[in-house]
Amino acid sequence: MQTSRSTFTAADRLHRRAEFVHVQRVGVRSQTAHFVLYAARTHDAPTVRLGTTVPRKLGNAVVRNKLKRRIRECFRLQLRSLFDLGTSLVVIGRNGAQSLTTSAVADELGNAAGQLRARLESRV
RNA sequence: GGAGUGAGUCGGGCGAUCGCUCCUAUCAGGAGAGGAAAGUCCGGGCACCACAGGGCAGGGUGGCCGCUAACGGCGGCGCGGAGUGAUCCGCGGAAAGUGGCACAGAAAACAUACCGCCCGUUUUGGGUAAGGGUGAAAUGGCGGGGUAAGAGCCCACCGGCGGCCGAGUGAUCGGACGCGCAUGCUAAACCCCACCCGGUGCAAGACCAAAUAGGAGGGUGAGUGGCCCGCUCAUAUCCCUCGGGUAUGGUCGCUAGAGCCCAUGAGCAAUCAUGCGGCCCAGAUGAAUGAUCGCCGCCCGCGAGGGUACAGAACCCGGCUUACAGACUCGCUCCGGUU
RNA sequence: GCGCCAGUAGCUCAGGGGAAAGAGCAGCGGCCUUCUAAGCCGCGGGUCAGGGGUUCGAAUCCCUUCUGGCGCG
């Protein structure tokens with residue numbers, strides 16, 4: 001099973017704007033102090049996919065890349081195992097997220113993802 | 001040693017674990033952000049449209065000579081200015097024409113005379129531009145002669161203008177001669193002169209796959225230069241409009257190049273040439289180059305500890321501009337000390 | 001990635017070489033009114049986005065930086 005490994009390849013990412021929009025329209029939503037998360041069942045392949053959005057307001061390219069890489073690292077190591085296969089997750093950074101430490105990002109995303117999983121199950 | 005000035009280099013290091021992208025000889029191994037990758041201010045390659053051609057319009061550059069694929073870049077030289085100096089900054093034409101120069105001032109450039117000064121007269125007329133005053137700017141400067149008072153009116157020096165001779169590829173410099181001097185500033189005002197510039201951009205462009213309905217109406221036009229000419233294509237299997245459908249998919253372009261390093265030679269230099277000299281150095285596409293931990297370096301702090309710049313390739317190069325903690329190298333100048 | 005536009009008072013905008021930079025709304029004070037609104041009178045408020053240059057003189061012309069916005073596909 002792919003999710004048991006900690007890899008992160010092209011198959012694990014969202015690629016098109018339409019996919020991002022779809023998750024944000026039909027998925028369940030959870031908001032924290034520094035992030036907005038959406039999750040939805042989208043596909044049949046045995047993967048959980050991630051897309052990240054960091055607006056330009058948060059900083060220059062170096063700052064934004066750093067935040068996206070931290071989010072991706074949290075997803076790879078802990079978030080993915082919380083969701084069923086076929087789920088897509090979108091994480092949007094809010095102002096202030098760029099100055100968090102990696103462990104703070106992990107805590108905040110972990111709590112939010114737990115709520116999302118519960119709401120996804122209750123919806124189905 | 002201090003102050004300054006001009007070039008240039010680096011811009012953290014080592015290791016462990018978990019990951020990402022690409023490549024290859026695929027149980028594995030290798031490579032993987034910058035000096036600015038940035039801003040997009042210039043220039044070129046490449047691609048398509050004519051092989052980018054003529055004219056107009058528009059834009060750019062601006063001392064001279066060179067370098068270069070090209071440039072608004074760089075190098076050398078010339079002139080002017082700033083600085084004790086090393087060094088730095090500036091640069092076509094105002095006697096081709098048009099316009100502008102507020103306020104103040106008599107007058108802002110065809111000219112003119114407010115207060116003065118001088119002569120004659122006592123109403124006023126004439127001669128002056130020395131002095132005063134206004135202004136950002138007032139019709140060469142300074143000294144002497146001269147005169148009623150003055151003035152290039154005359155003279156010397158400086159400045160200016162003109163052609164001549166000489167040096168230099170040239171900008172320009174030097175020389176003697178002539179002219180008492182005629183030409184205020186502004187061209188990042190219009191403009192003139194010389195030179196340069198076709199447009200659009202890798203989302204260029206090429207191929208493959210999939211899909212729909214050769215439905216209706218109109219047309220000499222279409223190929224995107226701002227316009228005209230010209231050129232090419234099509235006269236229906238073409239173009240436009242309306243309506244509808246599929247869909248915004250894949251591969252190539254895509255990284256070996258005006259490439260990097262070294263040596264020798266030419267040149268003051270920018271730069272160029274040669275070597276059967278060495279090297280291969282990102283190629284992603286919601287977009288890789290990361291996360292965590294340990295040790296060391298540097299900075300701040302008594303310490304616990306904290307900090308470690310600016311910043312992330314997107315077709316590729318050459319420049320310019322802007323941002324940048326800190327560290328280092330070399331040349332030169334001035335001042336001070338020692339011998 | 002490429003192309004284009006804007007930035008002037010708290011807000012919306014004029015002004016395109018010579019001003020002490022204006023207008024409307026808003027604000028403050030006064031008059032009127034029992035009070036408020038309306039009306040009338042007055043007042044304050046500006047590094048003309050920042051820096052450099054051209055000119056005697058720059059909000060205006062030129063260069064550069066920053067910020068905001070729009071378009072293409």
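Protein chains get the first letters and strands the later ones, always in sequence-line order, with residue 1 at the start of each.
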If I pick the P atom on B:U232 and the same atom on B:C240, what distance separates them, to the nearest angstrom?
22 Å

Find the distance A:Leu50:CG to B:C20:P and express it as a whole number of Å.
14 Å

Starting from P on B:A288, measure out to NE2 on A:His15 and report it in whole angstrom.
12 Å

Kindly label the base of C:U67 as syn or anti, based on whether its glycosidic torsion lies within 90° of 0.
anti

Please work out if A:Lys68 contacts a base, only the sugar-phosphate, or nothing of the nucleic acid, heavy-atom cut-off 4.0 Å.
nothing

Could you check which nucleotide pairs with B:A136 in any of the strands shown, counting Watson-Crick or G-U wobble with both distances under 3.5 Å?
none

Can you tell me how far P in B:U322 sits from the matching atom in B:U169, rounded to whole Å?
39 Å

To the nearest angstrom, how far is A:Asn65 atom CG from B:A288 atom C1'?
10 Å

Pick one for B:C281: is it syn, with its angle within 90° of 0, or anti?
syn

Check: B:G286 base within 3.5 Å donor-acceptor of A:Thr53 side chain
yes

Is the shortest side-chain N/O distance from A:Arg69 to OP1 or OP2 of B:U289 below 4.0 Å?
yes

If pairing requires Watson-Crick or G-U wobble contacts with both distances under 3.5 Å, which nucleotide is the partner of B:G205?
B:C252

Atom CZ of A:Arg72 and atom P of B:C20: how far apart are they, to the nearest Å?
9 Å

A:Arg94 side chain to A:Thr32 main-chain N or O, any donor-acceptor pair under 3.5 Å?
yes

Counting any heavy atom closer than 4.0 Å, what does A:Asn60 reach on the DNA or RNA strands: base, sugar-phosphate only, or nothing?
sugar-phosphate

State whether the aromatic ring of A:Phe20 stacks on the base of B:G286, taking stacking to mean ring centres under 5.5 Å apart and ring planes under 30° to each other.
yes

Work out how far the P atom of B:U183 is from that of B:A96, and round it to whole angstrom.
12 Å

Does A:Thr102 have a side-chain nitrogen or oxygen under 4.0 Å from the phosphate oxygens OP1 or OP2 of B:U292?
yes

Considering heavy-atom distances to RNA chain B, does A:Lys66 or A:Leu77 have its closest nucleotide positioned more toward the 5' end?
A:Leu77

Using Watson-Crick geometry (N1-N3 plus N6-O4 or O6-N4) or G-U wobble (N1-O2, O6-N3), each under 3.5 Å, C:G24 is paired with C:C11

Nearest whole angstrom, please: distance from the P of B:A291 to the CZ of A:Phe8.
15 Å

B:A287, OP1 or OP2 - any side-chain N/O from A:Arg13 closer than 4.0 Å?
yes

With the 90 degree cut-off around zero defining syn, does B:G199 come out syn or anti?
anti

Let's test this: given Watson-Crick or G-U wobble pairing with both distances under 3.5 Å, identify the partner of B:C233.
B:G221

Which value, in whole Å, describes the distance between the P atoms of nucleotides B:A284 and B:A314?
14 Å

On a whole-Å scale, what distance lies between the C1' atoms belonging to B:G85 and B:G163?
42 Å

Write down the distance between CZ (A:Arg76) and P (B:G290), rounded to a whole number of angstrom.
14 Å

Could you report the tightest heavy-atom contact between A:Thr102 and A:Cys74, atom names first, then the distance?
O-SG, 4.4 Å

Test A:Phe83 against A:Leu116 for side-chain contact (heavy atoms from CB on, under 4.5 Å), laying out the working first.
CA-CA 9 Å; A:Phe83 293 98; A:Leu116 279 183; 4.2 Å; yes

Going by the glycosidic torsion and a 90 degree boundary from 0, is the base of C:G42 oriented syn or anti?
anti

What is the separation between atom CG on A:Leu67 and atom C1' on B:G290, rounded to the nearest whole Å?
13 Å

Selection from B:G290, B:G312, B:U21 that lies nearest to any side-chain heavy atom of A:Thr9:
B:U21

Re B:U9: Watson-Crick or G-U wobble partner, both distances kept under 3.5 Å, found to be B:A327

With syn defined as a glycosidic angle within 90° of 0 and anti as the rest, where does C:A49 land?
anti

Between B:C231 and B:C51, how far is it from one P atom to the other, in whole Å?
15 Å

What does B:U285 pair with, Watson-Crick or G-U, if both distances are under 3.5 Å?
none

Could you tell me whether the side chain of A:Ser30 reaches within less than 4.5 Å of the side chain of A:Val36, counting heavy atoms only?
no

Taking the same atom, C1', in B:C207 and in B:C254, what whole-Å distance lies between them?
16 Å

Quickly work out the A:Leu14 CG to B:A287 P distance and round it to whole Å.
9 Å

Nucleotide paired to B:G312 in any strand shown, Watson-Crick or G-U, under 3.5 Å
none

Can you tell whether the side chains of A:Asp12 and A:Arg76 come within less than 4.0 Å, N to carboxylate O?
no

For the student: nearest non-hydrogen atoms of A:Ala40 and A:Gly27, plus distance
CB-CA, 3.6 Å

Which part of the nucleic acid, if any, lies within reach of A:Thr52 when heavy atoms closer than 4.0 Å are counted: base, sugar-phosphate only, or nothing?
base

So which atom in A:Phe75 and which in A:Arg49 form the shortest heavy-atom distance, rounded to 0.1 Å?
CZ-C, 4.1 Å

Could you check which nucleotide pairs with B:A304 in any of the strands shown, counting Watson-Crick or G-U wobble with both distances under 3.5 Å?
none

Do A:Arg117 and A:Gln115 have side-chain N/O donor and acceptor atoms under 3.5 Å apart?
no

Between B:G19 and B:G39, how far apart are the P atoms? Round to whole Å, please.
35 Å

RNA chain B nearest-nucleotide lookup for A:Ser103 and A:Val63: closer to the 5′ end is A:Ser103

